[in-house]
There are 2 protein chains.
Amino acid sequence: MKNANIQRMTDQRRVILDEIRDTKSHPTADDLYRVVRKRLPKISLGTVYRNLDILTNAGLINKLDFGSGQSRYDANLSEHYHLRCVECNRVVDVMDMPPIHYDRTVLSQTAFEIIGHNLEFVGICPDCRQKLSDTSDTSE
Amino acid sequence: MKNANIQRMTDQRRVILDEIRDTKSHPTADDLYRVVRKRLPKISLGTVYRNLDILTNAGLINKLDFGSGQSRYDANLSEHYHLRCVECNRVVDVMDMPPIHYDRTVLSQTAFEIIGHNLEFVGICPDCRQKLSDTSDTSE
DNA sequence: TTATTTATTTATAATGATTACGATTTAGAA
DNA sequence: TTCTAAATCGTAATCATTATAAATAAATAA
Ligand SMILES: [Mn+2]
Ligand SMILES: [Mn+2]
Ligand SMILES: [Zn+2]
Ligand SMILES: [Zn+2]
């Protein structure tokens, strides 16, 4: 039930959309608040949240909900999964991953109407791997 | 880095573990607070949260983090996925689902060290499907 | 262009989930 | 039984997000 169109295009909305389209970092609302504020110093955090919600409902961006902490947003609308570092929470794309196959008969045991699925990979990014080996080797 | 053992077995901890093992409903901390309080009326919600965390770190239960709202806990340690109703947030098990296969070469594009993955199915449970068709048919 | 109408914004307060605090109690070792 | 670190309780604090209400501004009509 996605609302296809946006009602009004305000400066705030335009800049938010512009900034999120300009990054591959899957920023949080707070991340975007920081960068957007450079161009619109008077914008409020609530406006960022509200617009991210509106843009998500309009299908212009996707909201990524991981376990805990802040949600992240992604202007990359192509089908792809994500890989998150458990140490620093960095999120990167996993492209070219075939959509997972699930046997409808297996799921039909539940009598649910299946809408879709969420898949997230977890791991440790190169930077954090480096840091971890630095600290664990000299002592202990 | 899971801590294998529990240090002390208090009444509170025992009852919490007992109750979560007694259900297949994937209860929230608040759900457990309600049922545990019938046996230990003086227990505090903080104690429930703290013990769920300790039991999770000890590997005796699993914490399930979905997008938003409260976390859920599961004493079923066997490998299985979950299916959640987007309407009422009910969570049921998806047993006998083959672990998803991901090509390490695809993921190696990221240079992450892969630890694992989270997979959740979303859908609409039979009860909610019924309710939705009830309300949408008579009018409009 | 100017007026009108609402959606939107801002600043701030409120909420919901979870974690932290400090005084008191207690499990389990000695 | 004594001792002490771990755990508990009640409460306060924190974090992410949503709600409120007065002021502003985008789109439309006059
Ligand atoms: Mn992405
Ligand atoms: Mn389960
Ligand atoms: Zn990292
Ligand atoms: Zn349901």
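Order of the sequence lines sets the chain letters (A, B, ...), proteins ahead of strands, with each chain counted from 1.
dG10(D) atom C1' lies 10 Å from atom NZ of K42(B), rounded to whole Å. If you measure from atom OH of Y33(A) to atom C1' of dA16(D), you get 14 Å, rounded to the nearest angstrom. Distance CG (L45(A)) to P (dA19(D)): 14 Å, rounded to an integer number of Å. We find that CZ of R37(A) is positioned 10 Å from P of dA11(C), with the value rounded to whole Å.
Residue T28(A) is classed as having no contact, given no heavy-atom separation below 4.0 Å to the nucleic acid. Here D53(B) lies out of heavy-atom contact (under 4.0 Å) with every strand. In this structure, D30(A) reaches neither bases nor backbone, as no heavy-atom distance under 4.0 Å exists between it and the strands shown.
Nearest heavy atoms, L77(A) versus G59(A): CD1-O, 3.6 Å. Listed here is the closest heavy atom pair of V36(A) and I43(A): CG1-CD1, 3.7 Å.
Within the structure, every side-chain polar atom (N or O) of Q12(A) is placed at least 4.0 Å from both OP1 and OP2 of dA25(D). For the pair T47(B) and dA7(D), the criterion of a side-chain N or O lying under 4.0 Å from OP1 or OP2 is not met. Within the structure, a side-chain polar atom (N or O) of T10(A) is placed less than 4.0 Å from OP1 or OP2 of dT9(C). Look at R8(B) and you won't find any side-chain N or O under 4.0 angstrom from OP1 or OP2 of dA5(D). Phosphate contact (OP1/OP2 of dT18(D), side-chain N/O of Y49(A), threshold under 4.0 Å): absent. Using a 4.0 Å cut-off, no side-chain N or O of R50(A) falls inside it from OP1 or OP2 of dT8(C).
R39(A) and D18(A) are joined by a salt bridge, as a carboxylate oxygen and a charged side-chain nitrogen come within less than 4.0 angstrom of each other.
Both A29(B) and D11(B) lie near DNA chain C, and the one whose nearest nucleotide falls closer to the 5' end is A29(B).
Classified by interplanar angle (parallel below 30°, tilted 30° to 60°, perpendicular above 60°), the ring pair H80(B)/H26(B) is tilted.
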